[in-house]
Amino acid sequence: MGRFKLIYVIVVLLSISCAKKEQEHASLTAFVNPFIGTDGPGNTYPGATVPFGMVQLSPDIGIPGWDRIAGYYYQDSIITGFSHTHLSGTGAGDLYDILVMPTNNRFSKKIKDNNFKPFSSFSHDKEMASPGYYTVDLLDYGIKSEVTATKRVGIHQYTFPKDDSTKIHIDLGYALNWDKPIDTHIEKVNDSVIRGHRMSTGWARNQRLYFEMHFSKPFKSYKIIDDKTQDTKPFGGISHKMILNYSTEDDEKIIVKTGLSTTSCKAANEAIRKEANHFNFDVYKAKATLVWEKELQKIKIKTNNEDEKTVFYTMLYQSMLAPTLLSDVDGSYKAANDATGNYKEEQDTIATAIGFDRYDTFSLWDTFRAAHPLFTIIHPERTSDMVKSLLAHYKETGVLPVWSMQGSETNMMIGYHAVPVIVDAYFKGVDFDALLAYEACKNSAMIDDRDIDTYKVLGYVPVHEGHENWSVSKTLEYAYDDWCIAMFAKDLGREKDFEYFIERSNSWKNLYNETSSWIQPKDSTNSFLPNFEAKAYSPYFCESNAWHYYWFVPQNIDELINKTGGKERFEQKLDSMFSYYPEPIDKLPLFSTGMIGQYAHGNEPSHHVAYLYNHIDKPSKTQKLVRQILEKQYKNEPNGHCGNEDCGQMSSWYVLSAMGFYPVNPAQGVYHLGAPLFEEASIALSDNKSFKILASNHSKENKYVEKIMLNGKPLNRIFITHEEVIQGGVLEFAMAKKPNDSVFGKAVLPEPNKVYFNDNQ
């Protein structure tokens, strides 16, 4: 038996052994449907990656547009190749690096829509995806394509028909949507190895990607096409393309391994040497499956509803597609301190992550709400690396990231939401340099950029004519982040800083109109703008309207209730939020999806709102709404996301809410209780501990909570703490058909200016 066959047998036997030990919950990867979100507004990709990996090797339709922002769109019928980097559900058209496309002489048609690139038709009947694996038949060529991945290496396997004109195209000039190459290079090392780089700009400027490719079969000849050597159709831009020529027999397989690095071709080669040192595709596929299985086993659910089980494990899978690995095998990576974004003028600045993996692709405006709190439960060690990555960005640039990727800042969206991620991790006892973290949080809140300068002076962000003013949203989100810094300062004994930032955390009140009972935009003279309409999507609200942002005071919901006029008036307004539907003549932006009244589950500012009924002694309304969102806004089908998946936020909301709890204030160390979707869920924790959530009398009709017990004792509060979760135990919900708002008696709520943290910190 050959060495690699032996390795494959061992991997399979290990897999079988694990399956026998976990018969009831075995093969959770079988319940993942990577096509969820590839149709409709989800903007996900179906290709191969490993948890938080550098490589996202996925098919590209090759046609630009919003629907194809992640490279793939389920309704399309052609494939233009397989590129190695993709974003999951962001609505941002970037990456698509290093396109690979196999062809032969069976088909040569080219079309303008995909910029005259080679393509093939495909059918979903001849397509399949699972965690770490994707396959599709390229029908026009008779080629079977399969891809899998390690952390830093994308692995292709192409099964060819007999043909003397088989080709593999490596296209560095391929660009889609916002992406644009600015410098590319490709060269032959020998007849089985090529290498090069692709420098590009797009949503993130100054992206640098080096690669090396190893081929299982030597190519017999090759051709390089660049800007001066035109293809038969327009092939413009700063680009290089290499075409490798082969003769193949029927069912002959050629494997292609692509190592990636942001620092050098040498590092890309090292990635291949350490992670992919052979050509047995099935072994890599099996290993990727096992890696995913291990991560999915961290939460086990019990249900007879296979669609709901598939949605749950797909959401758990999608919660682990970002952030993505940035550092090489030796810890090196492209630092984030480039000044101009001009590749020609910049020298490579290389940093080294010592003792941790450096991550990027931080969609913080989205993920601070639920994804990062979920990570603190099931990925505490990785959370440490993520926070250290945020701090590395601070050391490289002098400010925490806003929305960073590929070692570059996009400055997209608002807030300084690395702060709640860091503060939440600090209070939960995650390992990192706390003093450096506090410095980073404070300094990032004191810069004179993104309207923070006027916010510091006026106590709110005034309306101005700049692009995406978003004045109300900025004020509210800055105020929340300031509360997080205040709590951090208080714990470190920085009393003056605490007083300063706790006062800033009240800035939302400066935009509260007592007459209209709305949070409204003001000009620089402290005057409310006239002709205010709450449902209007104006430049003063970030991808939202006044209905969405009224509730974003997670640091002090009690004070918001008082401002609104008390619990009864607050309930009326909440009810209206979920019942006041847009009219047919209302023009909704593309991000207003998943609508329940004015509530838009397809966009993040609304994500905590269903849980606010807990604050007014109406938990049954929270339970009903959360169940409605879980069942109606997520489906086991390609159009299964009601909005952009957004790097794990949409999926993390589902995972947490389906287990029965959610962090309304993501940095307070508590989770508001809803109602579990499943009869049983169990979270695997460190030290062989587990936290179980049980639901007795579970059924579709029994959506309300009649009684809650924590570790055998009645619970008289509407929340549980993170500390209670990670210590392990049992949370029991007794479910009923009728609502019971006295389930908690006089329910105890989290105190506004208190963080419930790990006492062992």
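Predicted model only: the values in this text are computed from it and were never measured.
In this structure, a donor-acceptor pair under 3.5 Å is present between the side chains of D451 and H464. Side-chain contact of D481 with H417: a donor-acceptor pair under 3.5 Å is present, judged by distance alone. A donor-acceptor contact closer than 3.5 angstrom links the side chains of D140 and S121. Residues N177 and D94 have side chains that never bring a donor and an acceptor to within less than 3.5 angstrom of each other. A donor atom on one side chain and an acceptor atom on the other are not found under 3.5 Å apart for T310 and N33. A donor-acceptor contact closer than 3.5 angstrom is absent between the side chains of H641 and N43. No donor-acceptor contact under 3.5 angstrom links the side chains of T38 and Y45, judged on distance only.
Residue V402 forms a side chain to side chain contact (heavy atoms under 4.5 Å, CB included) with just one option from M412, H393, R450, and that option is R450. Among the candidates F362, W365, W203, the single residue satisfying the ring pair (Phe, Tyr, Trp, His ring centres under 6.0 Å) test with W403 is W203. The only option from M213, E212, R152 that meets the side chain to side chain contact (heavy atoms under 4.5 Å, CB included) definition with T258 turns out to be M213.
Checked against the 6.0 Å centroid threshold, W470 and F541 do not count as a close aromatic pair. You'll find the ring centres of H156 and H84 inside the 6.0 Å limit. For H601 and W653, the distance between ring centers is under 6.0 angstrom. Proximity of the aromatic rings of F82 and Y72 is defined here by a centroid distance below 6.0 angstrom, and this criterion is not met.
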Inset, instruction - Dump the intermediate steps for side-chain contact (heavy atoms from CB on, under 4.5 Å) on D357 and S327, then the final yes or no. - result: CA-CA 6 Å; D357 285 332; S327 52; 4.3 Å; yes
Inset, instruction - In sequence, state the C-alpha distance, the side-chain angles, and the governing distance for I168 and I254, and then conclude on side-chain contact (heavy atoms from CB on, under 4.5 Å). - result: CA-CA 10 Å; I168 297 178; I254 297 178; 4.2 Å; yes
Legend entry - Derivation and outcome, side-chain contact (heavy atoms from CB on, under 4.5 Å), residues V419 and L400: CA-CA 8 Å; V419 168; L400 288 167; 4.2 Å; yes
Inset, instruction - Mind running side-chain contact (heavy atoms from CB on, under 4.5 Å) on V421 and L364 for me, showing each step along the way? - result: CA-CA 8 Å; V421 173; L364 294 164; 4.0 Å; yes
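Listed by first and then second residue, the side chain to side chain donor-acceptor pair (under 3.5 Å) pairs involving residues 53-63 are D60-S83, D60-H86, D60-Y174 (not counting sequence neighbours).
D586 pairs by the salt bridge (charged side-chain N to carboxylate O under 4.0 Å, His left out) definition with K535, not counting sequence neighbours.
The structure places CD of Q406 at 6.5 Å from CG of L209, a figure rounded to the nearest 0.5 Å.
Ion pairing between R358 and E396 holds under the 4.0 Å rule for side-chain N and carboxylate O. Under 4.0 Å is where a charged nitrogen must lie from a carboxylate oxygen, and between E477 and R369 at least one such pair does. Ion pairing of K151 with E275 is absent here, as no side-chain N (NZ or NE/NH1/NH2) approaches a carboxylate O to less than 4.0 Å.
For the pair S332 (side chain) and D328 (backbone), a donor-acceptor distance under 3.5 Å is absent. Within the 3.5 Å criterion, the main-chain N or O of L139 finds no donor-acceptor partner in the side chain of D137.
No cation-pi contact links K110 to F116, judged by a cut-off of 6.0 Å to the six-membered ring centre and 45° from its axis.
The shortest non-hydrogen separation linking G40 to Y73 is N-CE1, 4.0 Å. Annotation for R382 and P51: closest pair NH2-O, 3.9 Å, computed over non-hydrogen atoms.
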